[in-house]
Each structure stands twice: as C-alpha cells, then as structure tokens.
Protein chains: 2
Amino acid sequence: MAQATDMPRNETGIDTALGILKQQFGERFQMGAAIREQHGHTTTWIRNQAPDAVVFARSTDDVAAVVKVCAAHKVPVIAFGTGTSLEGHVNAPAGGVSIDVTQMDAVVEVNAGDLDCRVQPGVTREALNTHLRDQGLFFPIDPGANASLGGMTATRASGTNAVRYGTMKDNVLAVEAVMADGTVIRTGARARKSSAGYDLTRLMVGSEGTLGVITEITLKLQGIPEAISSARCSFPSVEAACETVQSVIQYGLPVARIELLDAMVVRAVNGYAKLSLPETPMLLLEFHGSDAGVVEQTETFAALADENGGTDYQATTTMEERNKLWQARHDAYWAMLALRPGCKAVATDVCVPISRLAEAVGRANAKAAELDLIAPIVGHAGDGNFHASLLLDMDDADEVARAEDFISWLNELAISMEGTCTGEHGIGQGKRPYLVKELGAAVGVMGAIKQALDPDNIMNPGKILPESLA
Amino acid sequence: MAQATDMPRNETGIDTALGILKQQFGERFQMGAAIREQHGHTTTWIRNQAPDAVVFARSTDDVAAVVKVCAAHKVPVIAFGTGTSLEGHVNAPAGGVSIDVTQMDAVVEVNAGDLDCRVQPGVTREALNTHLRDQGLFFPIDPGANASLGGMTATRASGTNAVRYGTMKDNVLAVEAVMADGTVIRTGARARKSSAGYDLTRLMVGSEGTLGVITEITLKLQGIPEAISSARCSFPSVEAACETVQSVIQYGLPVARIELLDAMVVRAVNGYAKLSLPETPMLLLEFHGSDAGVVEQTETFAALADENGGTDYQATTTMEERNKLWQARHDAYWAMLALRPGCKAVATDVCVPISRLAEAVGRANAKAAELDLIAPIVGHAGDGNFHASLLLDMDDADEVARAEDFISWLNELAISMEGTCTGEHGIGQGKRPYLVKELGAAVGVMGAIKQALDPDNIMNPGKILPESLA
C-alpha cells in the first residue's frame, strides 16, 4: 500500500547505535526476525516495516538511555505497547529501534481520595481496571482492544464510553516523557486543573510518539457507578436511529454508551451468535448512575426512541443480561469477518457533527454498494464517530483499489461536513494524506513544533506529518 | 512590583509600525494616554505598562494586517478583550500595539442540533448566554468577571462551574488564530472529538496570546437543565467542609458548583449583606438535572454533609431563593473589600489535589495570621482550587512585602502538594517565578515551542516564560 513508503536509512548510525545498545541491554536487546516483525505494523492492510532491533525497557532511565544513543547517532526511535494501532503507527519506515514498554507495567500509585493514579505506559486498560476494582474505581476509556495506556495516550484513544467520560485528552492529568534529546519532562502534577503555561499534556496526548516517548501517565479515575443499566432498540432506518441519538444529546441525557449498528452488522451478529435481532439499524446503550437515576434515564431514552419510531426496546440492570445485550457489540468484529470467510477487515474511522451523522452513514452505505464493497458500519454515535469495516479479498487488486477509493471518499466526506478524518484511530501513516486537507495551514504549525522538538526527526519518523514536513 | 519589569524597546520598529498602522486604520488607531493606559494592566497590584497604540480590530483580516506590520518591524502585539485578567497578561513591557477585539463581538453561528457555536473573541460570556437563552442553551464557564471569550480561551479560564463542565480546555472545540507571521490557522472543525495530529486547539487555549491572536472560537454548549437547585451548609471547620467535598467527588455526585467560603468570608458577607449566616466555613452548591435528579442530588449531599458535621443545611429550587443563596458568593469580593475600607484586594490562585485542600486552606489561614495579613479564602472546592484575597494597605511597604512573601509561600506550598501555582488565573507576568519551580525541564519545551512559532518574540512578550526564554 502507498501509505507505508520507505524512507532513507542512516545505515552507519543504525549500525553504531545497535552495537552500543546490544552492549548496554544484553538479553533485553533483540534482533530476531520474528520479534522485529512483531514490533512493526501487524493489523490492517498497511504493510509491515520492521525496526532493526527491539529494546525491552524496564524504566524511564532505560528509555532515556536508548533515546540518548539514538539521538547521538540520528537513529529512529519507535515506542511499542501492544501493537494494536490501526494506521501503521509502530512501523519503522526508516528502520531504527523499537522501545518495547510492555515490561513497564507497574501501577505506580492509586490516590483513591483524589480519583487519580500513576501508571507506567505498558499497563493495559484491563490490567488497570482489575487493579482498581477492589477500591470501587475504574478507568473509563475503552477503545475495544486491550491496549496499553501508553499507546492509548499517544494516539488520543477513546471508544464506546467517550460520550460520557471523554477521550484520553480528557482523562490524562499529566505525562512523563523522554524527549528527542533524552531529556525527561513531566507536564503536570495532580491538580484537577491548571493554567500554568502551555498545555504540554495535551500536546503529548495524540502525538503518536513523534515528539517523545511517554514513560508514565497520571490518569483521572471514576467511581464504579452505583447502578448500571443497558438497553437496545431497533429503528426503521439509520436516520431514525441518528435522530434519536441527537435527541439524547440535546436532552442532556448522560448516556455512558450509545452505539449504532447498521443493518448489515445486526445481520452479521445474528448469524454469528445465533440471535434473532430485527435486521434493521440498532442502538445499544448503557446508563450509569444511582438506582433511581438509571431507571429515569432508561425511561427518558425509551420515550425519545419512541418518538423516532424505535421498536423492540429492551432494558436490563442485571449483569448477566447486560453482558448478553452487549455481546452483540463485542462480537461485531468477528461477526463481520464471518460475513465473508477468508476476508481481511480494514476499518476506517471518521467523525462528523452529530447532525450530519445520519447523512454520512447513509451516504457511506450507498457508496459502498455503488463500489460493490461490503462495508458494515458501527458507530460511537453520541460523538458522531463511526467506522466502516471493509471486508476485502486482498488477492483482488481491483477490489482493493475500490476500497482505497472508498476510504479516500469517506475521509473527504467527513472533512466536507466539518468533521475529521479520524475520531480516534489517529493519523499514523495511513491518514497522512487527509491531515492537510482537514487542517490546512495549521499543519505547518505542527511541522514547526516537530522541527523544534525533534530537529533530526528521530521520534517515530514518517507518522502524522506529510512527507514534506517529516 | 517586581513582576512587571520593563523589557528593551525596539523604538525604530515601533515608530515605523505605528506610522503604517495609523495610515491603515485611521480612527480605529488610537494613541491617547487614557486609552493606552486602559489597555495595559489595570487590576491587582501589578503596575500598568501601557502599549504605544491601540488598534480596534473588526475582523480576522484586521488582526492579520496588524500582525503582519508588527512582524515586519519586530514590534510586540498584545491582544485585548475586557482587561479583566489578574496576572498582568495585557501589559506591554516592551511597548508595542494592543489589538482591541471588543468590536469583534459577533456570534457567528449557533448549531443547536450539535450543541456548538462559533463566536468572535470579543463576545462576552454574558452576551453569549443572552444570545443563547431563547434556544434553551447555555455556555457553562463562569470565571466571575464578564470576560470576553477570546480572553477566557487565551487564559484557560474556568470558575465555579468547572467541577461539572470542565474548563475552557474542555469546552473549546477549535480556534482560528493569527500566528506570529500573520498566517491564519484553524485548529479544527466541529467534530466532538478528533485524533488528527497535534492538539493545537489545546496548545492555543491557555497560551495567553504568546503564540498567536485568537480570532474565532468554536465552543461546546449545554442544554439549560430541566431543574436547578441550590443549597448551602455550614461546617464546624475547614476540614469538615473539605471532607464533605471529597465525599461528594468520590461518590460521583454530579454537582454543578461546590464553593467553599472560609469563616472570614462568611463574616464579611454577613456584614455586607446584613445576613446572619453562621460564621463558620460554608459550602454553597448548585445541582443541575431532571426534577427528580436534583432532588436526589440534594438529598445525597445532605447525607454526606451530615456525616461530616454539616449544619444549617438549606436547599431550594425557586429562582428567587437560589439567587438569594448565591448572592453571598457573588458579593464576596465587595464584602471582603468592606472588611477593610480603603484597602486593595489582591487575589492569588492555587490548586491542589482535593485530598490536600483542607490542609492547604488551613495552613494558608495560619500563615496569614502569622504574617499579620488579612486573607479571606474562597474556593472552587470540587477542583481543589482556591483564592486567598489579600486585603492590603498599599502605602504600607512592610505589609506589601509580607503579602509578597505570603503569595510566594502559598504557591510553593501548592507545588509541594502536587498541585499547581495557578488553577485558572494563568501565569502572565505575576506567576512567572513559579512556573519553573512547578514544571522544571518542561518549561524548556515550552520555550522551544515559543521560539519555533514566534522567533522574534513579538506575541505578548514577557508573559508565561521565564526571562531567559522570553
């Protein structure tokens, strides 16, 4: 694919840096082909560009040591968590060293009284939530994959809960990071808010490893709600479902999740999980609050759905029933794959103002049909964010080309609707062509920042910024 | 005061730029002493450093034109909204041109279906809320003063509602800004979330005019709640009040406001407004939600307050009663001034983790007594943010020196408690000494960004960054 072009390699620098790092890190320095490949991009259709070596870091000092060696010899540095990013973020187009942070997996401290914690970047969201459960706390961001919190921070991840709890941008209080010259900075402490200077926390969140390697994260936490209730509702059309979503948002109903499944996804789930859901667009919801509060929320939602032709409304508060209801959403990926055995699923990600969501999803459905593509759609509808998952026969070059056309068309559609080419997956390699279309001259400002903080372009080169700037 | 040191002036450049701007802007270019002084700092004790001229801009093009002239001749540019900032943000220590944006006061568009709007920077928060009221919408950030939204964005303002609705960082979707070379950028569109590149929106929010002049802001809006209820409760000690605040936050009670008034403030309010509130620490609250929801919230709060020895609990939902209850908070500034007729009130601003709030307020009370200073305290307690307002005889040099010691001590205390030297007022000139103490090497990264985006240091020089970097 065009998105993963190679960049010039600094062979001499790489050779020298690898020699030094092998000495420094011994067994924690690895160059085996399988390990290298596993630390390049392995999801979606973007081709794998493996790093030259992998260092397994155990501390901020380890990370700083690697960065200093790489800085001295102008060698690329790519941070690696779980490798679950979707736009080629961990590829090494100019070679270099992957810093694997999975062994930096300590929950450093939990301040239950302040609803915050500090974690190392290799802690996964599931590990963190397991750690927190006994204290009645949870971390709400759920991007689907059991991603590392370092990676989630670096890509500004979000997911199903963002409509209520925000994205990583809203839930990171501060980071510690190793910058391109090996300097370790901390962008804040534990105050809930601050007006002290430039918001470096938010600059690092979503910077995809291109400005520094995140070595610790201070996160906001939430109390586990007294009551959780789930619901589903079917609709005669995507428009009716999206109208309901808009009513929910305008009403200020504090839904914790409100997910849209288009008719094709529902059909896929029915086939996969032997369910008999009506094969029309569906909303899946979750409500958090007090016992009385969630009852009121479910009733209010039912009334709003009813006004828009909602049918087959079901709500429940028992965990078993809730899990059953949400199984449809969790199974969606596998269910979609089963629609076309042997296919590869390539998900693309856009986000539009909620008032444009119905039109965007409707036009995406029509465009896929026009291009003879299978592209079921799921959406974090409360944010106007949705993913079309193209089910592709990768041996069919014409189909792959049509899929590329579709993705290009969809990203431009979202931008034309005052939306964005990525709600949560990030730019990486795959979305670089759209960034300038979306933000124009502002990308030049990003380039100036990158140049100032990483003049030799060693921090995850070839990501986010267009080729002329990175 | 030491905070407003003069910087070298580029007399030749200033003369040339002023000549050009006078030609371009005619009557909208002003050099009268009174106007110039009014566009320097006029609040608090930081001395006035007037700009050399004021241009009244009416459009982004006007702002870009001024910046281009100033860039060509290396002349400082200082944006001016309402002049209500507290740390010398609008002062002109190296002279230059103040761009007054008060005539850029259009609400450009309101998208009720998406709960967002676009405004010019001179729109004040009260004007915006008046504009929105008929549509059942409001903008929640309330820093007290009727500040301009441009200024609120530039200083990352917040205030009483932040505990529920966040700060400007959370409520700005995008900005348009004129950068130091006159380039106009837009940092985003109207998507509720985005992972498209570096978060320039958050970089501009809180940059205090040092990176560019904000010429338009896209804001999130809220629906006016179905029900609003207010409450007050007295406590035997600051500790008891703060324990209650912590319980509220840990419980996840979605209070819209939770304000702490220390005993001295309550006494001041009693005297000023002829009330008979118990002269002990008090919490003032507001709850937003459905009719049933606010009843549940007030009851839950009452139970939590009761556990911590709260007394004289009063709650009400009628607007008249609510206004009466909140009058105490709104009058606090004037009431405090009346404690010591003829004095000047100088408010300082810190923010600490909520678990440290009681200790911080208690120690501040004790330190003020020790230094023989009158320093009543009000706090946005749900965020751990509080202000000590020093009531000073400005003719008493020793008292002024003790006040400076107190502020220095308090800022360092907040930093030592993993808090911040400013929760919402910003750094400006006054807090520059504390920024490095708080953020260390990260300030060097800020300096590198400033240098990259404004190499001639023309955008609001002498603010935020330490002298060595700005």
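Below, chains carry the letters A, B, ... as their sequence lines are ordered, and counting in each starts from 1.
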| field | Residue pairs, two or more places apart or on separate chains, that pass ring pair (Phe, Tyr, Trp, His ring centres under 6.0 Å) and touch residues 161-187 of chain A | value | Phe138(A)-Tyr165(A), Tyr165(A)-His288(A)
| task | Measure the NZ-NZ distance between Lys169(B) and Lys193(A) for me, rounded to the nearest 0.5 Å. | result | 10.5 Å
| note | Counting heavy-atom pairs under 4.5 Å with chain B, the top scorer among Gly136(A), Ala442(A), Ala452(A), Gly423(A) is Gly423(A)
| message | Among Asp170(A), Asn385(A), Thr201(A), Leu137(A), which residue has the highest count of heavy-atom pairs closer than 4.5 Å to chain B? | response | Asn385(A)
| request: Give a yes or no answer on whether the side chain of Ser195(B) reaches the backbone of Thr155(A) with a donor-acceptor pair at less than 3.5 Å. | output: yes
| Which one of Val443(B), Val352(B), Thr210(B), Leu221(B) has the most heavy-atom pairs closer than 4.5 Å to chain A? | Thr210(B)
| remark: Scanning both residues in full, the closest heavy-atom pair of Ala191(A) with Gly419(B) reads CB-CA, 4.1 Å
| request: Would you mind telling me which of Asp114(A), Thr420(A), Val350(A), Ile185(A) has the largest number of heavy-atom pairs within less than 4.5 Å of chain B? | output: Asp114(A)
| request: Side chain from CB out, backbone as N, CA, C, O: work out which of these in Leu115(B) comes under 4.5 Å of a heavy atom of chain A, or both, or neither. | output: side chain
| query | Between Gln451(B) and chain A, which part of the residue has a heavy atom less than 4.5 Å away: side chain, backbone, both or neither? | reply | neither
| task | Measure distances from Ile464(B) to the heavy atoms of chain A and classify the residue's part below 4.5 Å as side chain, backbone, both or neither. | result | side chain
| query | Looking at OG of Ser290(B) and CG of Leu253(A), how far apart are the two atoms once the value is rounded to the nearest 0.5 Å? | reply | 9.5 Å
| In this structure, which one of Leu211(B), Ile449(B), Leu200(B) forms a side-chain contact (heavy atoms from CB on, under 4.5 Å) with Val445(A)? | Leu200(B)
| task | Pick one of side chain, backbone, both or neither for Asp383(A), based on which atoms fall under 4.5 Å of a heavy atom in chain B. | result | both
| said: Tell me which of these, Gly223(B), Cys351(B), Gly382(B), has more heavy-atom pairs under 4.5 Å with chain A than the rest. | reply: Cys351(B)
| field | Short side-chain to backbone donor-acceptor contact, Arg156(A) and Gly197(B), under 3.5 Å | value | yes
| remark: Pair count under 4.5 Å, heavy atoms only, with chain B: among Arg186(A), Gln222(A), Glu296(A), highest is Glu296(A)
| request: Tabulate, in ascending numerical order, the residues of residues 173-184 of chain A having at least one heavy atom closer than 4.5 Å to a heavy atom of chain B, or enter 'none'. | output: Met179(A), Thr183(A), Val184(A)
| task | Just give me the residue among Met204(A), Arg192(A), Arg202(A) that pairs up with chain B most often, heavy atom to heavy atom, under 4.5 Å. | result | Arg202(A)
| note | Under 4.5 Å to a heavy atom of chain B? For Leu435(A) that would be side chain
| task | Heavy atoms only: give me the nearest Ala196(B)-Cys421(A) pair and the separation to one decimal. | result | CB-SG, 4.5 Å
| query | What part of Ala414(B) lies closer than 4.5 angstrom to a heavy atom of chain A: side chain, backbone, both or neither? | reply | neither
| Listed by chain and number, what are the side-chain contact (heavy atoms from CB on, under 4.5 Å) partners of Ala448(B), not counting sequence neighbours? | Leu453(A)
| With Phe287(B) via ring pair (Phe, Tyr, Trp, His ring centres under 6.0 Å) - residues at least two apart | none
| remark: Cut-off 4.5 Å, heavy atoms of chain A, and the answer for Glu424(B) is both
| query | With distance as the sole test, does Gln250(B) use its side chain to make a donor-acceptor pair with the main-chain N or O of Ala112(A) at under 3.5 Å? | reply | yes
| field | Among the listed options Ser194(A), Gly188(A), Ala441(A), the residue most often paired with chain B at heavy-atom distances under 4.5 Å | value | Ser194(A)
| task | May I ask you to test the Tyr198(B)-Leu465(A) pair for a side-chain heavy-atom distance under 4.5 Å? | result | yes
| note | The interface call for Tyr434(A) against chain B, heavy-atom contacts under 4.5 Å, is neither
| task | Sort Thr167(A) into side chain, backbone, both or neither according to what part of it lies under 4.5 angstrom from a heavy atom of chain B. | result | side chain
